[in-house]
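Whatever order the structure lists ligands and atoms in, that order sets their numbers, starting from 1.
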Amino acid sequence: MTATDLATGSTGTAGEHALEAAGLRRRFPHPGGDVDVLRGVDLTVAAGELVTVAGRSGSGKSTLLAVLSGFDTGDAGSVRIVGEPVTADVPWQRCALLPQALGLVQELTAGENVALPLRLTDVPAAAVQARTTELLEALFVDGLADRYPPELSFGQQQRVALARALAPRPAVLIADEPTAHLDAGTAPAVLSQLRAHADQGGAVLVATHDDAVHALADRRLDLAHGVVARASLPR
Ligand code: ADP
Ligand code: MG
């Protein structure tokens, strides 16, 4: 099996993949010379699979995740989410991104942020409340539901942002360094939510430096020089 086979999980059939990307390219202009951050990335993540992306700082992990989630259009290549081309306004139920900078709405409380993706759909109010409470409790931020993001630590905001991403049970969850600001007391809750989302049938892609996240993964991809340089064997 080649690294490309592993990166694309080619033992399965293409139709099973919740997330499929081919030939992704992204170049940023810089005064000293343009930087080719993505130079032809192919990857897939199947429903029920947790895949991690490793790579040194500046290797393009956040750029890749932004392109995969439709947040950035990239310069070339294709991304399909559950068989359909990704768009900038892909519904949260299909694809939710937890960005490195979190992206919480500053004018909404923690609880309102988590409820937001559900309020944009026709989920009944009681179910919105129940799901919001369930996630805030699971991530140990239930006592903070009425606080605004600037009143929370970065680690607390990170867990609120994960709760918001999980709230609509997205088919594809893409998380950028979701354990970067957590301590030993709160990291296990985040790890267990990521694994549980995959075990419940979600496709989960996580960029991370954290060995504890890689240890949970079904596959690990290494991003270097703009391509998936090495993909480790499935466990
Ligand atoms: P990582 O998440 O792996 O640390 P990033 O994807 O954030 O890496 O960045 C990869 C490279 O792309 C870096 O050299 C960074 O400076 C550059 N880069 C990222 N975003 C932009 C942008 N919007 N404009 C110009 N350069 C960018
Ligand atoms: Mg990054």
Side-chain angles (χ1 to χ4, degrees), residues 3-4 6-8 19-45 50-79 81 86-90 95-104 149 153-162 164-166 170 172-183 186-187 190-191 193-194 203-217 219-232:
T4 301
L6 288 165
T8 59
L19 174 62
E20 299 182 71
L24 298 183
R25 304 186 72 88
R26 186 68 166 110
R27 164 180 288 197
F28 291 116
H30 278 286
D34 294 354
V35 181
D36 278 311
V37 178
L38 304 180
R39 300 189 304 144
V41 172
D42 303 326
L43 63 82
T44 62
V45 184
L50 193 165
V51 175
T52 50
V53 180
R56 62 172 179 75
S57 183
S59 62
K61 300 180 299 298
S62 294
T63 301
L64 173 61
L65 269 48
V67 173
L68 291 171
S69 61
F71 192 81
D72 182 295
T73 51
D75 295 321
S78 69
V79 178
I81 305 281
V86 74
T87 57
D89 57 355
V90 60
C95 180
L97 172 67
L98 170 54
Q100 201 163 2
L102 308 183
L104 290 171
S153 74
F154 199 86
Q156 291 167 338
Q157 291 183 51
Q158 196 161 38
R159 282 172 283 142
V160 171
L162 176 60
R164 183 179 63 171
L166 287 166
V172 176
L173 172 69
I174 297 178
D176 201 348
E177 307 214 21
T179 61
H181 298 271
L182 304 181
D183 58 31
T186 50
V190 168
L191 296 177
Q193 287 295 317
L194 294 171
V204 181
L205 185 74
V206 185
T208 188
H209 292 287
D210 185 344
D211 287 341
V213 185
H214 291 307
L216 290 178
R219 282 186 294 135
R220 165 181 164 158
L221 311 179
D222 287 344
L223 185 64
H225 308 294
V227 294
V228 173
R230 185 172 67 81
S232 49

message: Below 2.8 Å, can you find an N, O or S atom of S62 next to the Mg ion (ligand 2)?
response: yes
query: Do any of the N/O/S atoms of Q100, backbone or side chain, fall under 2.8 Å from the Mg ion (ligand 2)?
result: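 Yes.
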query: Between Q100 and S62, is there a donor-acceptor pair closer than 3.5 Å when you use the side chain of the first and the backbone of the second?
result: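 Pair absent, no side-chain N/O of Q100 close to backbone of S62.
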message: For R26, state whether at least one heavy atom is located under 4.0 Å from any atom of ligand 1.
response: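 So R26 does not count as touching ligand 1.
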query: Taking the non-hydrogen atoms of V37, is any one of them nearer than 4.0 angstrom to ligand 1?
result: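 Right, V37 reaches ligand 1.
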- request: Flag atom 27 (C) of ligand 1 as yes if some protein heavy-atom distance to it falls below 4.0 Å, otherwise no.
  value: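 For atom 27 (C) of ligand 1 the answer is yes, since some protein heavy atom falls inside 4.0 Å.
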message: Tell me whether atom 2 (O) of ligand 1 lies less than 4.0 Å from at least one protein heavy-atom position.
response: yes
[atom] [closest protein heavy-atom partner, distance rounded to 0.1 Å]:
| atom | result |
| --- | --- |
| atom 8 (O) of ligand 1 | G60 N, 3.2 Å |
| atom 9 (O) of ligand 1 | T63 OG1, 3.9 Å |
| atom 14 (O) of ligand 1 | G58 O, 4.2 Å |
| atom 7 (O) of ligand 1 | S62 CB, 3.6 Å |

Atom indices of ligand 1, in the order listed, that fall short of 4.0 Å to a heavy atom of [X]:
| X | result |
| --- | --- |
| S59 | 3 (O), 8 (O) |
| R56 | 3 (O) |
| S57 | 4 (O) |
| K61 | 1 (P), 2 (O), 3 (O), 4 (O), 6 (O), 8 (O) |

Step-by-step side chain to side chain contact (heavy atoms under 4.5 Å, CB included) determination, D42 to V227: CA-CA 8 Å; D42 303 326; V227 294; over 6 Å; no
- request: Identify which one of R27, R26, R25 satisfies the side-chain hydrogen bond (donor to acceptor under 3.5 Å, both in side chains) criterion when paired with D36.
  value: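 The side-chain hydrogen bond (donor to acceptor under 3.5 Å, both in side chains) with D36 is passed solely by R27 among R27, R26, R25.
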message: Below a 4.0 angstrom heavy-atom separation, can you tell me which part of H30, side chain or backbone, both or neither, approaches ligand 1?
response: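 Looking at H30 and ligand 1, just side chain atoms fall under 4.0 Å.
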Interatomic spacing from [atom1] in [X] to [atom2] in [Y] - rounded to 0.5 Å:
| X | Y | atom1 | atom2 | result |
| --- | --- | --- | --- | --- |
| L98 | R159 | CG | CZ | 12.5 Å |
| D210 | L191 | CG | CG | 6.5 Å |
| R56 | L223 | CZ | CG | 9.5 Å |
| D72 | L97 | CG | CG | 11.0 Å |
| L173 | Q193 | CG | CD | 10.5 Å |

field: Chi angles and distances behind the side chain to side chain contact (heavy atoms under 4.5 Å, CB included) call for L64, L43
entry: CA-CA 11 Å; L64 173 61; L43 63 82; 4.0 Å; yes
query: Would you say F28 and ligand 1 have an N/O pair spaced under 3.5 Å apart?
result: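 In fact, backbone or side chain, F28 has no N or O that close.
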message: Would Q100 count as a polar contact of ligand 1, with the cut-off being nitrogen or oxygen pairs under 3.5 Å?
response: no
- request: Evaluate the criterion side chain to side chain contact (heavy atoms under 4.5 Å, CB included) for residue pair V160 and L102; output intermediate values, then yes/no.
  value: CA-CA 9 Å; V160 171; L102 308 183; over 6 Å; no
query: With side chains defined as the heavy atoms from C-beta onward, is the minimum distance between V172 and V45 less than 4.5 Å?
result: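 Contact flag for V172/V45 side chains = no.
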